[in-house]
Structure formats: C-alpha cells, structure tokens
Amino acid sequence: MSDPAILALQANDPSFDNVWEEIIWRGLVHVSTDESELRELLGGEPITYYCGFDPTAASLHLGNLVQLLLMRRLQLAGHRPLGLVGGSTGLIGDPRPQAERTLQTKDVVAEWVGYIQGQVSRFLSAEGDNAVTLVNNLDWTEKMGVIDFLRDVGKYYRVGTMLKKDAVSARLNSDAGISYTEFSYQVLQGMDFLELYRSYGCVLQTGGSDQWGNLTSGTDLIHRAEGVSVHAIGTPLITNTDGTKFGKSEGNAVWLDPTLTSPYALYQFWLNTDDSDVVARLKVFTFLTRAEIERLAEAVATEPFRREAQRTLAIEVTSLVHGQRATAAAVLAAQALFGQGNLADLDQETLEAALRELPNTTTAPHAPVAQLLVDTGLTASLSEARRAISQGGVYLNNVKVLTDTETIEGAVLPSGVAVLRRGKKTLAGVFVE
RNA sequence: GGCGAGUUACCCAAGUGGCCAAAGGGAUCUGACUGUAAAUCAGACGGCGUAGCCUUCGUGAGUUCGAAUCUCGCACUCGCCA
C-alpha cells in the first residue's frame with residue numbers, strides 16, 4: 001500500500017541528535033509522561049510504539065495526519081510502529097465534548113476499518129526490521145465476555161478517576177450527559193495498550209492531547225496490572241491564529257481520501273495558510289529540515305507577497321498524501337486557473353485537465369448560470385446562487401455575471417468548456433456538449 | 001419511582017398567542033482593500049422562476065380566526081429526592 005518512492009524521500013533532520021529533540025522542536029509534544037525517560041528511550045534501542053485510529057468515518061482527515069507523521073518520524077528513528085485501527089472502539093465511540101455519538105452499524109464500521117487501514121499503511125514503511133504492523137482491537141475485545149471484562153479489567157478501574165477525566169466530566173456538566181457506553185470507552189482503550197504491551201512489548205502510545213485521558217488510562221492500567229511504567233505522548237491541538245478551527249475548508253473536514261477531498265482542493269487548502277501559521281505547519285506537516293524551514297520563515301518575514309512558504313508547504317503535503325504526479329497536476333491546474341492571462345489564450349488541453357481537477361458538470365449551452373452554480377456544488381441552492389450573483393460574486397471565464405437568467409452561451413471557450421467562479425477562488429468547470 | 005428544569009435554524013442563545021422565517025453573538029459566504037494572506041469596514045445568511053407562496057422552533061394530538069409561544073400524550077437530557 002505504501003509508496004516506497006515517497007517514503008524513501010523522508011528523513012529526520014540529522015542536526016538533531018535525538019528524535020525526541022526533533023519532535024519537541026516541531027512542536028509535536030504538548031503533554032507526555034516523564035520527559036527525560038522519553039528522551040533516553042527514544043534515543044536508545046528500538047522500541048515498539050502505537051497510535052490508534054477509530055473508524056468514525058470512511059477516511060482519515062488532516063488531524064489524523066499529525067499522528068501519522070509523528071509515527072513516521074519515530075519509525076525513521078528506528079522504532080517499530082503498530083498501527084491500530086479501532087474496530088471495537090469505533091463501535092463504542094469516544095466521548096466528544098458536545099454530544100453523544102450516533103452508533104454506526106457493525107457492517108459500516110467494518111467497511112471503514114478497511115479504508116482506514118489502507119490509509120495508515122500508506123504513511124509507514126512496511127520494509128526492514130521496524131516495518132509497521134497493523135492491528136485491530138476487535139481481535140482481542142470481540143471474543144471477551146462481559147464477566148471476564150468486569151473481573152479482569154474492571155477491577156483495575158476506579159470510578160472516581162474515570163469521572164475526573166476531562167472528556168467525561170465535560171459531558172457530565174453539559175446538558176447532553178453521557179451514556180454508559182461512552183463512559184466505558186477509556187477502559188477499552190486502556191485494554192488496547194495492555195494487550196499491545198503483552199503481545200508486542202509496546203511501551204509508548206501517541207495521540208492527540210484531547211486523548212490524554214485515554215492515553216493515561218493505558219499507562220495506569222499497565223502499571224497496575226504489570227507493575228511496569230510505560231509512556232505516552234500527547235500532540236497539541238493544531239489551532240489557527242485567527243481562532244478558527246484548523247483542518248476545515250468551508251466548514252467541512254479536509255480528508256485524506258482523494259475522492260472526498262481532491263488533490264487540487266488539498267493543495268489549495270495549504271496554499272491558503274495564513275502567514276502567521278505557515279511556519280508552524282511546515283514543522284508539523286513536512287519533512288523539511290530545520291535549516292530549510294528557518295529559511296522559509298525568513299522569506300515569510302521579508303517578502304510575504306511571494307508566499308514561498310505556502311507554496312512549499314502545499315507541494316510538500318500534497319505530495320506526501322497523494323504522490324508527486326497528482327501534486328504536479330494540482331500545481332498546473334492552479335497556474336492555469338489563477339494565472340494572469342486570458343483563458344482563451346491558454347493551451348486548451350491544459351485548461352481541460354485543470355477543470356477536471358475541479359468540481360465540474362456537463363451541460364447544454366442554454367443552461368442558466370444560476371443552475372450551473374447548483375450543479376457544480378458552488379452553491380447549495382438556487383436561492384443561494386441568485387444571492388451570490390446579485391452580490392456580484394459570480395464570474396464566468398473571469399467576466400462578472402450580471403443576471404441570474406444569463407446562460408453560458410457565448411462564453412464557451414473553443415474547447416467546449418467554461419470556467420465558473422464564485423468569489424475570488426472557488427472554481428468549477430463546465431463542459432458543454 | 002417522585003419532584004423540578006429543559007429540548008429554537010450550522011453552533012451558542014433570545015423569544016412565552018398575532019408586528020416571527022423567528023433578536024443577538026460565533027461560524028460561513030460575498031464585496032471593498034490585498035499577496036489565491038491577515039486585520040478592518042459593508043452586505044448576505046430556511047426553500048422556492050422572489051414584495052407572494054411553501055417548510056421550520058424535540059414529537060404526536062388538541063384549543064384558537066391565528067401557536068415557537070396555551071393544553072394533553074410521548075421521547076430525550078439535566079438536577080434534586082427515593
């Protein structure tokens with residue numbers, strides 16, 4: 001599944017003498033167990049570590065990418081990754097702050113497990129002494145009976161401690177409350193760590209800092225059950241300086257699956273990163289060295305209008321996720337569509353290829369523009385389309401559309417295509433038959 | 001099991017019989033300014049071939065000329081008591 005060509009290009013920065021120092025510099029550690037022990041552990045002989053991904057959707061998203069890349073950095077330092085996909089924990093659902101999760105059917109979760117395993121394996125090498133091993137917690141929880149669960153695991157858990165976890169107490173203090181199902185989640189995740197400790201000698205779990213309660217659930221359980229101290233690293237929640245949520249595009253999650261978020265859309269997402277965020281993103285989401293990132297930081301400070309850091313970031317991350325060919329296509333599309341020149345003067349083949357990267361639709365020449373906005377997904381309804389047009393926010397081949405009854409007849413380019421734009425940078429392609 | 005409080009549009013949150021498609025804030029979108037940036041300012045923000053109609057205020061029934069607002073049943077949530 002993994003692309004050896006991409007993985008081969010990745011390396012940790014040799015200017016750090018320990019991967020621990022590097023992940024600290026990259027801002028990947030928000031909380032952890034004992035720091036000096038971790039530094040020693042990560043700088044020494046190969047250890048086995050794990051990170052879990054619950055199948056709560058058909059694809060992982062950018063938030064998960066942080067974890068995947070942290071795993072990869074540890075693997076590059078010689079350690080052995082276990083990629084856990086939560087076939088059982090995904091059936092239970094970890095408590096979200098706002099509300100109870102809707103349970104998905106077992107069939108759906110099983111299907112998602114397959115997709116996510118595929119994605120996890122893309123980012124980690126399957127070769128060498130420290131090849132990634134994929135595990136599924138359904139393998140050890142499904143066959144366990146309730147009585148064994150309560151006797152062998154439940155006894156190690158104190159309800160008082162469980163209630164104090166942020167995820168639980170936040171819900172107890174909200175109108176939503178919490179079901180026994182979600183309350184139990186932390187126990188399941190603790191069991192995972194214990195199981196992986198026993199069968200693989202796994203001594204480190206990584207995850208988002210919002211999972212800290214679940215991470216310590218495991219370290220505490222292992223301490224009680226085995227009398228051994230193991231470790232956990234919690235990565236910071238990635239935030240935007242302007243206060244909006246990171247990883248959302250028009251309110252939707254940015255997915256790693258190219259059918260859910262196209263390579264072009266992913267490229268655009270990164271290209272639009274704020275100046276004030278771009279350096280931090282380069283550290284977390286690329287394998288560029290400290291020296292390279294420092295040079296780009298300098299470029300942001302001295303000539304921000306060139307947006308070199310954003311361009312580099314966009315190319316790096318898109319390549320990481322979708323490979324270099326898809327990235328090259330996204331870059332070409334962006335150049336064609338955002339270039340200065342007249343669209344009619346463009347090489348029509350390049351333009352067509354660019355439009356295929358965008359949301360697009362095929363239509364007859366007399367179709368009104370308002371309808372095309374809906375067909376391409378640029379607006380959610382005809383009302384919204386008319387509103388956008390009346391606000392002067394819709395362009396056909398870079399010419400402002402004046403009335404919502406206007407058709408694309410006459411605007412069609414020689415190759416039988418037209419470029420529809422909403423606002424400054426939301427584009428769609430129209431193919432006329 | 002008993003008592004009390006609650007369920008409003010993407011989120012938070014006003015509204016307690018007509019002036020409510022529903023205040024305000026956030027998010028989002030558009031315009032101006034720009035660097036496919038941020039900040040700022042302005043406008044928009046249920047649907048519909050658009051000054052009118054349709055659907056929405058947990059859910060089902062009802063009262064009324066008229067309900068998000070009143071009554072009853074049901075579901076769910078929170079708190080206190082048992």
Side-chain angles (χ1 to χ4, degrees), chain A residues 95-103 168-183 239-253 264-282 296-297 299-315 318 330-340 354 357-358 366-374 377-395 398 400-407 419-428:
Chain A
R96 281 187 298 189
Q98 320 81 6
E100 195 79 8
R101 287 179 188 273
T102 308
L103 291 177
V168 174
S169 70
R171 284 280 293 280
L172 283 175
N173 291 326
S174 79
D175 289 346
I178 187 168
S179 66
Y180 183 70
T181 307
E182 291 193 2
F183 176 63
T239 53
N240 293 333
T241 347
D242 63 10
T244 56
K245 266 191 184 157
F246 165 77
K248 300 274 177 172
S249 173
E250 294 178 35
N252 300 313
Y264 170 82
L266 184 74
Y267 177 79
Q268 288 294 320
F269 172 84
W270 290 107
L271 193 62
N272 283 301
T273 303
D274 292 3
D275 290 0
S276 49
D277 292 323
V278 70
V279 174
R281 300 290 177 269
L282 285 165
L296 288 168
V300 174
T302 56
E303 34 186 21
F305 49 89
R306 291 188 55 204
R307 298 161 16 95
E308 188 186 357
Q310 279 90 340
R311 281 178 219 286
T312 309
L313 176 66
I315 289 172
T318 310
V331 172
L332 276 178
Q335 282 172 351
L337 298 166
F338 287 96
Q340 313 299 333
E357 297 286 321
L358 304 172
H366 56 269
V369 172
Q371 184 59 46
L372 292 174
L373 285 167
V374 176
L378 251 39
T379 61
S381 68
L382 268 180
S383 289
E384 195 180 319
R386 295 197 196 97
R387 208 179 291 138
I389 292 170
S390 69
Q391 289 180 144
V394 176
Y395 299 80
N398 294 334
K400 187 178 285 190
V401 173
L402 301 173
T403 67
D404 55 46
T405 50
E406 197 168 306
T407 70
V419 181
L420 196 56
R421 188 174 100 219
R422 180 187 189 189
K424 264 177 292 196
K425 54 196 177 189
T426 314
L427 296 152

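Source: prediction; values computed, not measured. Every chain is numbered from 1 and lettered A, B, ... according to where its sequence line falls, protein lines coming before strand lines.
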Review point. In terms of the nearest nucleotide of RNA chain B, which residue is placed more toward the 5' end: Val394(A) or Ser276(A)?
Key: Val394(A)
**Study point:** Thr426(A) side-chain proximity, nearest of rG49(B), rA38(B), rU30(B)
**Key:** rU30(B)
Review point. How would you label the contact of Arg387(A) with the nucleic acid (heavy atoms, under 4.0 Å): base, sugar-phosphate, or nothing?
Key: sugar-phosphate
Check your understanding: Below 4.0 angstrom from OP1 or OP2 of rA44(B), is there any side-chain N or O of Ser390(A)?
Key -> no
Check your understanding: Any N or O donor-acceptor pair linking the side chain of Gln391(A) to the base of rG43(B) at under 3.5 Å?
Key -> yes
Practice item. Identify whether any heavy atom of Ala334(A) sits under 4.0 Å from a base atom; if not, whether one sits that close to sugar-phosphate; answer base, sugar-phosphate or nothing. Key: base
Revision key, fill the gap. Side-chain contact check for Gln310(A): nearest option of rG35(B), rU36(B), rA37(B) is rG35(B)
Practice item. Compare the minimum distances between each of rG31(B), rG49(B), rG35(B) and the side chain of Arg307(A), then state the nucleotide with the smallest one. Key: rG35(B)
**Study point:** Short side-chain N/O contact to rG31(B) OP1/OP2 from Arg422(A), under 4.0 Å
**Key:** no
Check your understanding: Hey, is the side chain of Ser381(A) poking within less than 4.0 Å of OP1 or OP2 on rG47(B), counting only N and O atoms?
Key -> yes
Exercise for review: Establish, with yes or no, whether the OP1 or OP2 oxygen of rU34(B) is under 4.0 angstrom from a side-chain nitrogen or oxygen of Lys424(A).
Suggested key: no
Practice item. List the steps and the verdict of side chain to side chain donor-acceptor pair (under 3.5 Å) for Gln310(A) and Asp275(A). Key: CA-CA 8 Å; Gln310(A) 279 90 340; Asp275(A) 290 0; 3.0 Å; yes
Point to revise | Residue mapping more 5' on RNA chain B - nearest nucleotide basis, Ala388(A) or Thr405(A) | key: Ala388(A)
